[in-house]
Every structure is written in C-alpha cells, then in structure tokens.
Colleague: 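There's a structure below that I have some questions on.
What's counted below: heavy atoms across the whole structure, side chains too, no hydrogens, waters or symmetry copies.
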Amino acid sequence: MKKIFLFTFFLSFAVSYAQQEAANWYFGNNAGVQFNYITETVTPVSDGQLFTEEGCTSISDSNGNLLFYSNGVNVYNWQHTIMENGTGLKGNQSSTQSAIIIPKPGSTSIYYIFTVDTDFSGDPDEGFHFSEVDMNLNLGLGSVTRKNQQLLFNTSEKLSAVLKDCESESIWVVTYADDDAQTPAAGVNNNTFYAYEVSDTGVNATPIVSISPFNITERRGYLKFSPDGTKLAVANISQGLHLYDFDTNTGIVSNGYQIPIDFNFGSSQPQSPYGLEFSPNNEFLYVSTFFETPQDEFNNPSSQFGALLQFNLTA
C-alpha cells in the first residue's frame with residue numbers, strides 16, 4: 001500500500017537542552033521554519049535541500065545557528081550541501097521517524113544520527129543504526145566519521161529519545177522491534193522496546209530490553225515521550241494506540257495500555273493513529289489520525305479524511 005504523505009512537525013527529541021537547539025526545522029520538500037525565541041516569532045525558510053515523504057531531523061547549536069539536518073539517508077550541513085561522507089545512511093525517507101540527532105553529552109562537537117529503515121521500499125529492512133558526526137572537521141561544516149554502526153537487524157519505523165537525568169545529561173534512545181531483533185533471524189513482530197543509553201563515553205550498544213504485552217506487525221506510526229519522560233506513546237496505524245510507563249532511571253518500559261481510537265465521526269472512514277505529541281504539562285496526548293484510503297482512491301480528495309484528537313491522560 002502506498003504510504004500516506006504526512007509531514008508531522010515534531011521536535012527531533014524531547015531533551016531539555018538549550019531551547020535554541022530546536023530553532024531550525026527542515027522537512028517535506030525543501031520546506032522549513034525558523035523559531036526566534038527572543039522575538040517569539042516563527043519564519044518560513046526555503047533554503048533547505050531536504051526531500052522526505054516522512055521522517056526528518058534537524059539540530060542547531062545553543063545560539064540557534066543551524067548545524068545540520070537529515071532525512072535518514074543524506075546529511076546536509078549548515079550551508080545546505082551534502083556533508084562530507086554524508087550519504088548512504090541506512091534510514092529511509094519513507095520511514096515514519098527515519099532519523100534522530102542526539103548530541104554527545106559533555107561535547108559541543110560530536111553528534112550521533114540514529115536511523116531506522118522501512119520495508120515499504122521493496123528492499124529488505126536494514127534495521128537500526130547510528131552514525132557519528134564531528135562538527136570540528138571540514139572547516140566547521142562537519143563530517144560523518146563513523147557510519148551505519150548496526151544495533152538491531154530489524155525494527156519498526158519508530159524512534160524517540162528522552163533525557164535520563166540532568167546530572168549526567170545521558171540520553172535514552174528507544175525503538176520498537178521484534179524480540180529477536182538483535183539476531184540476523186529477526187522477525188517482524190514488534191513486541192519489544194530497546195533502550196540505548198548515550199553518555200559522555202558514547203553509545204552503549206547493549207540495550208535495556210522491555211517486552212510489550214502487544215504483538216504488532218504494523219511498522220508505521222510515531223513513538224513519543226512525554227516531556228517529563230514518565231510516559232511513552234506508540235501509534236500503530238490500524239493496530240491501535242498504546243500508552244506505557246517509562247522509568248528514566250532504568251530505561252524500562254512497562255504497564256502497556258491500549259487507548260481506544262475507533263472513531264469514524266459518523267462516516268464510514270475509521271481513523272488510524274499516526275502522529276503523536278504530548279502537551280508541555282504531560283497531561284494531554286495529541287494524536288493525528290487518517291483514513292487508510294484504498295490505493296485506487298488515493299488521489300481522490302473526497303476519499304480523504306483525518307482528524308487531530310486530544311486525550312486527557314488524567315481522566
């Protein structure tokens with residue numbers, strides 16, 4: 001089935017570093033916006049070179065100056081040209097959350113790009129990888145110094161991150177995959193969370209593993225943390241919306257619960273959850289949904305239907 005073209009404008013990750021690191025967003029087809037936290041203004045920008053049907057990620061420095069951005073395959077520097085050694089990453093521009101950029105704690109120059117692939121491209125899913133970027137190289141334009149370090153052999157299109165604690169500034173990077181995803185015989189039954197810790201010593205390749213009570217074959221849809229890191233939401237298109245508890249101290253995911261989302265708003269078009277975001281106070285979950293249009297009706301506007309839902313998590 002052709003994938004739905006949804007550009008969900010979420011922050012790359014919910015880490016509470018200087019706000020200016022999220023000052024520049026690039027997404028879609030050469031689209032972008034710039035946030036000015038001093039003047040409290042948002043400005044569209046058109047200098048981006050990114051092309052992506054879905055996933056994308058951007059990072060700026062603490063002063064709001066753009067550093068680089070990616071669709072999970074190519075990496076573009078702040079001059080909007082391909083970064084040195086910045087092609088061939090094992091994400092996919094048609095993967096829901098194809099990439100996420102994580103700053104190395106304690107460093108102002110080293111960044112990690114985590115990527116997840118998709119199986120909708122016709123090629124086998126290449127799994128979960130990370131690459132390393134050093135912004136001190138190539139006259140400050142940056143260079144990819146280590147590329148496609150494999151962590152899992154297969155995974156869903158889901159990828160998110162959250163701060164572990166303010167003292168160490170370590171970060172948990174989490175994806176959703178098969179319970180055999182660490183082996184070449186990995187299946188496609190997503191039922192396990194893998195949490196990788198990124199610290200001042202680098203990426204710990206040994207994950208914290210949590211088994212989910214749900215068996216999900218649907219790969220598409222977002223995975224997002226609440227700002228305080230205590231909740232984890234997972235959208236699985238036709239296989240439901242799930243909410244979990246997360247322990248930032250241990251990296252353990254627990255207490256899975258399905259949130260009913262079988263809404264059709266009086267029509268014959270049942271809604272499938274795709275995009276997710278929590279409110280800043282952690283009390284509300286926002287979900288973008290869509291009707292999975294049959295292939296032969298994909299370009300018919302009257303066959304399209306979607307919604308933005310708000311759930312009160314304290315109710």
Colleague: Charged N to carboxylate O under 4.0 angstrom, Lys104 versus Asp200?
Modeller: no
Colleague: Are Thr118 and Glu157 close enough that a side-chain donor and a side-chain acceptor fall under 3.5 Å?
Modeller: yes
Colleague: Is the gap between the ring centers of Phe193 and Tyr244 under 6.0 Å?
Modeller: yes
Colleague: Strictly under 6.0 Å, is that where the ring centroids of Tyr222 and Tyr274 end up?
Modeller: yes
Colleague: Side chain to side chain contact (heavy atoms under 4.5 Å, CB included), that's the test. Do Asn148 and Leu89 meet it? Break it down for me.
Modeller: CA-CA 6 Å; Asn148 296 328; Leu89 272 64; 4.1 Å; yes
Colleague: Describe, in one word, how the ring planes of His242 and Phe214 are oriented to each other, choosing from parallel (under 30°), tilted (30 to 60°) and perpendicular (over 60°).
Modeller: parallel
Colleague: Is Ile261 reachable from Tyr257 through a run of I, L, V, M, F, W or Y residues, each pair having side-chain heavy atoms under 4.5 Å apart?
Modeller: yes
Colleague: Does a donor on one side chain and an acceptor on the other come within less than 3.5 Å for Ser98 and Glu54?
Modeller: no
Colleague: Quick one about Ser94 and Asn92 (side-chain donor to acceptor, distance below 3.5 Å, no hydrogens or angles considered), yes or no?
Modeller: no
Colleague: Using only heavy-atom distances, determine whether the side chains of Ser60 and Asn24 contain a donor-acceptor pair under 3.5 Å.
Modeller: yes
Colleague: Under 3.5 Å, is there a donor on one side chain and an acceptor on the other for Asn71 and Tyr76?
Modeller: no
Colleague: Check step by step if side chain to side chain contact (heavy atoms under 4.5 Å, CB included) holds for Tyr194 and Val209.
Modeller: CA-CA 5 Å; Tyr194 294 87; Val209 178; 3.9 Å; yes
Colleague: Under the criterion side chain to side chain contact (heavy atoms under 4.5 Å, CB included), I'd like the reasoning laid out for Leu67 against Tyr111: C-alpha separation, chi angles, the key distance, then a yes or no.
Modeller: CA-CA 10 Å; Leu67 293 176; Tyr111 296 83; 3.1 Å; yes
Colleague: Taking atom types as modelled and ignoring hydrogens, do the side chains of Thr217 and Gln239 form a donor-acceptor contact shorter than 3.5 angstrom?
Modeller: yes
Colleague: Taking the six-membered ring for Trp and the single ring otherwise, decide whether the centroids of Phe128 and Tyr196 are under 6.0 Å apart.
Modeller: yes
Colleague: Give the cluster check for Val45 versus Tyr69: same hydrophobic cluster or not, with ILVMFWY residues linked at side-chain heavy-atom distances below 4.5 Å.
Modeller: yes
